[in-house]
2 protein chains.
Amino acid sequence: MILDATDKKILRLLQEDAHMTLKDIANKINLSLTPVHDRVKRLEKEGIIEKYVSVLNKKKLGINLTVYCQVTLIKQNYDISEGFNQSILNFPEVVECNFVSGSFDYMLKIVLPDMESYHHFHQKKLSILPEVSLINTFFVISEVKSTTVLPI
Amino acid sequence: MILDATDKKILRLLQEDAHMTLKDIANKINLSLTPVHDRVKRLEKEGIIEKYVSVLNKKKLGINLTVYCQVTLIKQNYDISEGFNQSILNFPEVVECNFVSGSFDYMLKIVLPDMESYHHFHQKKLSILPEVSLINTFFVISEVKSTTVLPI
DNA sequence: TAATATTCAGAAAAATTTACTGTAAAAATA
DNA sequence: TATTTTTACAGTAAATTTTTCTGAATATTA
């Protein structure tokens, strides 16, 4: 599937604000409702638009600590990795987990209320996983940028 | 502002799918339209709900490479940091940038079409910033988890 | 106990999305 | 080259959703 200039304009708008009405979009890109509607539906159907979500304010929810954890496993084989992955998927405080190249195995991003919660998470949830060998933590002091907008 | 159980239920639903109708939400949590509408509006007004966005599919947009960069600045003072921050905000491929504690200064997450694009980004955009002293890159081999859903 | 807020239900109005009809331009085919 | 087919779009009407309004029930406060 090829995205033409109009598709990209629509995607750029919807990435920033999914609550724009079709009419708003139509006006912004000088089209009528029909093509905008059809294109959005097509983009949804093709899976280019994966989902629509609400972005909540961490601070106002009392989530005041973000950390990156570099995790090394005891071994790199399939079963060990899969076991670890499954545990991570069940940890709601882990918002990001990627298997990476380099001197460790996984890069995690974790969001928590405070340091005490992190201590608990580290001791009672992450470090006790049988697959985990090493954890190296970096604490976020200040968030410069955080966006769901992809460059298109 | 205190969130009661009903607010949290609404937030949990909207975090996963912002295209649920008020009626859908009302049905799921056994309420009528009015309180759901009023609560959502209040959550928006208070800034608990920050925005609504569309999540796009990286792969289908030809974005096949994700990397983490650990960046060290030449100095840690305010002007140097601010200069760096401003540049980062203007780089659309940088989707995440956090000032962190530890053996380097910033943790970046960058999304790009391929290795060639990363080479270009590294050489022509990141490493030439006057504030940057050191860059350490980790390539994502496989994405295990990536969510905008906060634990509430 | 009365007055005031707060929360919610139901209904009507306004706005948006969806579906339908048709036209013009571009592309494909004979 | 002419004809058919496809594609993209405009306009309108129906269906759905959001928004607004009215009022009742419960809890809070004076």
Side-chain angles (χ1 to χ4, degrees), chain A residues 1-63 113 147-152, chain B residues 1-63 113 147-152:
Chain A
M1 187 202 195
I2 321 131
L3 299 174
D4 66 11
T6 305
D7 290 329
K8 288 181 184 174
K9 278 185 201 167
I10 293 174
L11 290 175
R12 273 191 277 266
L13 291 171
L14 282 179
Q15 272 200 115
E16 304 270 1
D17 179 10
H19 261 201
M20 282 187 82
T21 66
L22 297 174
K23 203 172 155 190
D24 292 338
I25 298 171
N27 288 336
K28 282 234 178 192
I29 64 177
N30 291 318
L31 269 176
S32 70
L33 268 175
T34 312
V36 174
H37 176 265
D38 293 352
R39 281 167 184 268
V40 169
K41 288 302 142 194
R42 196 187 75 235
L43 292 166
E44 289 172 357
K45 200 182 160 197
E46 299 282 341
I48 311 275
I49 298 176
E50 229 168 58
K51 57 186 169 180
Y52 299 94
V53 304
S54 318
V55 175
L56 308 187
N57 185 299
K58 280 206 288 284
K59 208 166 194 172
K60 296 194 176 169
L61 291 171
I63 297 176
T147 182
T148 53
V149 174
L150 300 176
I152 48 173
Chain B
M1 186 203 196
I2 321 133
L3 300 174
D4 66 11
T6 305
D7 291 328
K8 288 181 184 174
K9 278 185 201 168
I10 293 173
L11 289 176
R12 273 191 277 266
L13 291 171
L14 282 178
Q15 271 200 115
E16 304 269 2
D17 178 10
H19 261 201
M20 283 186 82
T21 66
L22 298 175
K23 202 173 155 191
D24 292 337
I25 298 171
N27 288 336
K28 282 235 178 192
I29 65 177
N30 291 318
L31 268 177
S32 70
L33 268 175
T34 312
V36 175
H37 176 264
D38 292 353
R39 281 167 183 269
V40 169
K41 288 302 142 196
R42 195 187 77 235
L43 292 165
E44 289 172 358
K45 199 182 161 198
E46 299 282 342
I48 310 274
I49 298 177
E50 228 167 57
K51 56 186 169 180
Y52 298 95
V53 304
S54 318
V55 175
L56 308 187
N57 185 298
K58 281 206 288 283
K59 208 166 194 172
K60 296 195 176 170
L61 291 171
I63 297 176
T147 183
T148 53
V149 174
L150 300 177
I152 47 175

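Chain letters run A, B, ... following the sequence lines, proteins first and then strands; every chain starts at 1.
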Visitor: Taking atom types as modelled, is there a side-chain donor on B:Y52 or B:E44 under 3.5 Å from an acceptor on the other?
Guide: yes

Visitor: Can you tell me how far C1' of D:dG11 sits from CG of A:D38, to the nearest Å?
Guide: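 It works out to 13 Å between those atoms.
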
Visitor: Check this one for me: any side-chain N or O of B:R39 less than 4.0 Å away from OP1 or OP2 of C:dT7?
Guide: no

Visitor: Heavy-atom nearest nucleotide on DNA chain C for B:P35 versus A:H37: which residue maps closer to 5'?
Guide: B:P35

Visitor: Quick one: closest heavy-atom pair of A:S54 and B:L14, and the distance?
Guide: OG-O, 2.7 Å

Visitor: For A:L31 and A:V36: C-alpha separation, side-chain torsions, deciding distance, then whether side chain to side chain contact (heavy atoms under 4.5 Å, CB included) applies.
Guide: CA-CA 7 Å; A:L31 269 176; A:V36 174; 4.2 Å; yes

Visitor: With heavy-atom distances below 4.5 Å as the criterion, would you say the side chains of B:L11 and A:L61 are in contact?
Guide: yes

Visitor: Strictly below 4.0 Å, heavy-atom distances to any atom of DNA chain D: list the hits from residues 8-33 of chain A, or just say none.
Guide: A:L31, A:S32

Visitor: Could you tell me the separation between the CG atom of A:D7 and the CG atom of A:D4, rounded to the nearest 0.5 Å?
Guide: 4.0 Å

Visitor: Would B:L43 and A:L56 satisfy side chain to side chain contact (heavy atoms under 4.5 Å, CB included), going step by step from the backbone distance to the final call?
Guide: CA-CA 9 Å; B:L43 292 165; A:L56 308 187; over 6 Å; no

Visitor: What are the atom names and distances for every N/O pair under 3.5 Å that joins the protein to nucleotides 25-27 of chain C?
Guide:
none

Visitor: Run B:T148 and B:Q15 through side chain to side chain contact (heavy atoms under 4.5 Å, CB included) and show every step you take.
Guide: CA-CA 7 Å; B:T148 53; B:Q15 271 200 115; over 6 Å; no

Visitor: Using the side chain to side chain contact (heavy atoms under 4.5 Å, CB included) rule, take B:D17 and A:V53 through it: C-alpha gap first, then chi angles, then the decisive distance, then the call.
Guide: CA-CA 5 Å; B:D17 178 10; A:V53 304; over 6 Å; no

